[in-house]
Amino acid sequence: MATFQITTAALGVLFAAVILFLIRGDRLYLRLGLFWFVLAVLAVLLGIWPRLLDGVADQLGIRYSPTLLLVCAVGVLFVKALHADMVNTRIERQVRRLNQSLALLNIKRQQADNDNL
């Protein structure tokens, strides 16, 4: 096995171990961790069998197989960024609603305090 294959496989295993450590320590949600773990396993597979990428590229009609890897990486990053923006939007909406509810509760409490005087 070539040096680059060993390096890629070792980095994939290391990446998978770090992801599992983060999930186990409750520093990364399981759902998000599974996404990253799948990418780590894919890195291990491509490190062990680099011809796998060549075969898929040939089936898709791509002559230079690293191009397929680059296009897939850009696609994954695009989907991940879109998902992060969707989650951020949902969180901001929830915070805004909580702030509005808190403001209404404070107004009601102030009115109740004024009525008791």
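The residues of the chain are indexed from 1 along the displayed sequence.
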Contacts under 3.5 angstrom, residues 91-104 side chains, donor-acceptor by atom type, not counting sequence neighbours:
{"unit_1": "N99", "atom_1": "ND2", "unit_2": "V95", "atom_2": "O", "d": "3.4"}
{"unit_1": "S101", "atom_1": "OG", "unit_2": "R97", "atom_2": "O", "d": "3.1"}

Please tabulate, for side-chain N and O atoms in residues 108-117, each donor-acceptor pair with protein atoms closer than 3.5 Å (sequence neighbours left out).
{"unit_1": "N114", "atom_1": "ND2", "unit_2": "Q110", "atom_2": "O", "d": "3.4"}
{"unit_1": "N116", "atom_1": "ND2", "unit_2": "A112", "atom_2": "O", "d": "3.2"}

What side-chain donor-acceptor pairs closer than 3.5 Å can you find for residues 70-89, not counting sequence neighbours?
{"unit_1": "T89", "atom_1": "OG1", "unit_2": "D85", "atom_2": "O", "d": "2.8"}

Which donor-acceptor pairs under 3.5 Å do side chains of residues 47-69 form with protein atoms, sequence neighbours excluded?
{"unit_1": "R51", "atom_1": "NH1", "unit_2": "D54", "atom_2": "OD2", "d": "3.0"}
{"unit_1": "D54", "atom_1": "OD1", "unit_2": "S65", "atom_2": "OG", "d": "2.5"}
{"unit_1": "T67", "atom_1": "OG1", "unit_2": "Y64", "atom_2": "O", "d": "3.1"}

Table please: side-chain donor-acceptor pairs of residues 15-29 below 3.5 Å, with sequence neighbours left out.
none

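L34 is not connected to L14 by any chain of hydrophobic side-chain contacts under 4.5 Å among Ile, Leu, Val, Met, Phe, Trp and Tyr, and they are in different clusters.
Residue I107 belongs to no hydrophobic cluster, having no ILVMFWY side-chain heavy atom closer than 4.5 Å to its own.
At a threshold of 4.5 Å between non-hydrogen side-chain atoms, the residues V38 and L42 do not count as touching.
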